[in-house]
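These notes concern the structure reproduced below.
First listed ligand is number 1; within each ligand, the first listed atom is number 1. In what follows, residues are counted from 1 in the order of the sequence shown.
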Amino acid sequence: MIKAGGTLVKRSNCLVFFFEGGKLRCKNYFTGMEFEASPVLVSILAKLHRWRSLREIERLFPASSSAAMRSYLRELVALTVVMVRGGSQSKREGELSAWDTWGVEARFFHYASRNVHSAPVSIDEVSFNRALRRRRVPPPPVKAYRGRPRINLPDPSRHSRDQLPEVLLARRTHRSFGAGSVSLEQLSILLRLTWGFTSFIRWPGLGRLPVKTSPSGGARHSLEVYLWCLRVAGLAPGIYHYRADRHQLELLRRAEVKGRVGMLCGYQEWVRNCSALFVMTSVLARVMWRYQNSRAYRVVLLEAGHFCQTFCLVATWLGLAPFCTAALFDEKIERDLRLHADEPVLYAAGVGMPSMK
Ligand SMILES: Cc1cc2nc3c(=O)[nH]c(=O)nc-3n(C[C@H](O)[C@H](O)[C@H](O)COP(=O)(O)O)c2cc1C
């Protein structure tokens with residue numbers, strides 16, 4: 001609502017302008033709103049860098065009538081280009097200052113690529129992929145240099161019965177699960193060997209830093225893990241946080257979460273049959289404290305990959321059925337966990353009992 005008195009408006013802090021097909025486009029990367037813009041909009045928004053009342057704005061643009069200006073502002077508010085002070089957009093955007101250290105680029109990529117699964121995805125995988133193939137031949141899965149000398153390597157298969165290669169070779173993504181529950185002991189091993197502190201190292205100038213089984217840029221270990229417990233023997237269904245230093249679970253909410261996890265994982269309904277879902281987040285401040293450039297955001301994402309692979313291997317070694325998914329409704333998960341922009345959701349992995357085939 002834009003009223004003559006009282007209401008204060010300001011341009012959004014999350015706007016990017018770019019040319020596409022010769023047209024200027026404006027995107028609010030936080031709300032996802034994108035539209036064709038006129039260059040005039042840029043000069044108007046330039047003046048809305050701070051909270052302004054309607055009267056002030058009318059004085060800044062005397063050529064427009066009050067009614068026309070009010071209607072234009074209403075349109076800009078609907079497009080989330082302009083926000084109203086005290087409104088939900090201004091409150092939510094305010095939290096994004098947690099990303100300021102890494103400039104626009106890290107938060108642009110994070111938020112612009114956040115909500116891609118807005119509805120249940122019900123595609124027929126076979127016809128979808130056949131249609132893709134018809135449109136364009138898929139790129140080959142290998143790169144080969146023609147005309148270069150090739151050196152045959154010794155056959156590594158004689159090691160394939162050793163424990164580590166056996167686990168590596170056995171790891172697969174599972175999407176169906178058997179009956180029964182994961183034991184509390186298996187859960188404990190999964191947590192300790194993936195996310196638990198395993199020892200300490202001395203870091204120059206910082207003293208003792210905890211380390212885990214996966215590497216972490218600068219040993220910052222920004223990742224946290226939350227457990228959605230569905231079917232673990234001896235552990236009530238609900239949402240837990242893993243306390244990495246003490247190897248403990250902190251109960252956040254007791255609840256039947258089976259009906260919710262599929263939706264949280266981009267409506268992949270098979271997830272509801274798993275035993276436990278592990279969602280990784282990052283406490284950005286731990287990394288930003290040491291690394292102030294936006295490349296550090298890559299480090300955070302890479303790190304999540306390391307942890308997920310460790311998780312999948314530990315689960316495979318335990319004879320369990322692991323999976324991972326990046327098709328997440330970050331916003332809904334963050335709401336369930338009451339998290340804010342300073343601890344974004346990154347990645348999820350889960351585990352169930354293997355199904356009998
Ligand atoms: C970052 C990442 C995200 C993934 N997201 C999904 C997902 O949303 N749903 C799914 O079924 N599999 C997902 N997968 C698993 C891949 O589909 C799977 O690794 C691939 O089919 C190869 O099978 P494999 O893991 O058994 O080798 C993901 C894998 C990675 C690395």
Side-chain angles (χ1 to χ4, degrees), residues 106 109-130 132-133 138-142 156 160 164-178 190 194-195 213-217 222-226 228 230 257-258 260-282 297-334 336 344-357:
F109 175 65
H110 183 83
Y111 285 99
S113 57
R114 195 152 97 125
N115 292 324
V116 289
H117 313 277
S118 52
V121 208
S122 59
I123 52 162
D124 170 358
E125 189 73 21
V126 177
S127 44
F128 178 78
N129 289 329
R130 281 191 182 142
L132 275 182
R133 265 191 106 101
V142 287
S160 57
L164 179 62
E166 211 169 60
V167 170
L168 286 165
L169 295 168
R171 184 211 59 80
R172 286 277 72 83
T173 296
H174 295 253
R175 298 179 186 89
S176 61
F177 308 98
L190 277 167
T194 309
W195 292 285
T213 53
S214 293
S216 167
S222 76
L223 300 189
E224 292 290 324
V225 66
Y226 297 85
W228 268 249
L230 288 87
V257 288
K258 187 179 159 103
R260 191 158 171 84
V261 288
M263 183 274 289
L264 293 179
C265 296
Y267 291 104
Q268 298 182 89
E269 286 308 322
W270 51 267
V271 174
R272 61 187 287 126
N273 300 320
C274 79
S275 297
L277 179 73
F278 302 82
V279 174
M280 281 181 264
T281 65
S282 168
Y297 179 59
R298 291 196 195 197
V299 172
V300 170
L301 298 180
L302 293 167
E303 206 166 305
H306 277 288
F307 278 72
C308 194
Q309 174 71 351
T310 303
F311 171 85
C312 290
L313 293 177
V314 174
T316 305
W317 170 68
L318 288 170
L320 299 174
F323 66 90
C324 54
T325 175
L328 303 173
F329 275 119
D330 305 10
E331 228 172 307
K332 292 185 198 301
I333 297 173
E334 283 159 13
D336 279 4
V345 164
L346 300 179
Y347 200 6
V351 74
M353 298 303 285
S355 61
M356 297 296 164
K357 289 214 178 106

Practice prompt. Would you kindly say whether T310 and T213 are connected by a side-chain donor-acceptor distance under 3.5 Å?
Written response: no
Can you list, pair by pair, the side-chain donor-acceptor contacts under 3.5 Å of residues 314-331, counting residues two or more places apart and other chains?
{"from": "T316", "atom 1": "OG1", "to": "C312", "atom 2": "O", "distance (Å)": "2.6"}
{"from": "T325", "atom 1": "OG1", "to": "Q268", "atom 2": "NE2", "distance (Å)": "3.0"}
{"from": "T325", "atom 1": "OG1", "to": "A327", "atom 2": "N", "distance (Å)": "3.0"}
{"from": "E331", "atom 1": "OE1", "to": "N115", "atom 2": "ND2", "distance (Å)": "2.8"}
{"from": "E331", "atom 1": "OE2", "to": "R92", "atom 2": "NH2", "distance (Å)": "3.0"}

Worksheet item: salt bridge (Lys or Arg N to Asp or Glu O under 4.0 Å): which pairs involve residues 166-175, sequence neighbours left out?
Response: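 Found R161-E166.
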Worksheet entry | Counterpart residues, ring-ring contact (aromatic ring centres under 6.0 Å, His included), relative to Y347 (two or more places apart) | none
Practice prompt. Work out which heavy atom in E303 is nearest to a heavy atom in S216; give both atom names and the distance.
Written response: OE2-OG, 3.0 Å
Discussion item. I'd like the residue list for ligand 1, meaning every protein residue with a non-hydrogen atom under 4.0 Å from the ligand.
Written reply: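 Ligand 1 pocket, heavy atoms under 4.0 Å: R171, R172, T173, R175, Q268, W270, C324, T325, A326, A327, Y347.
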Practice prompt. Using the six-membered ring wherever Trp is involved, compare the ring planes of H110 and Y297 and label them parallel, tilted or perpendicular (cut-offs 30° and 60°).
Written response: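 Aromatic pair H110/Y297 classed perpendicular.
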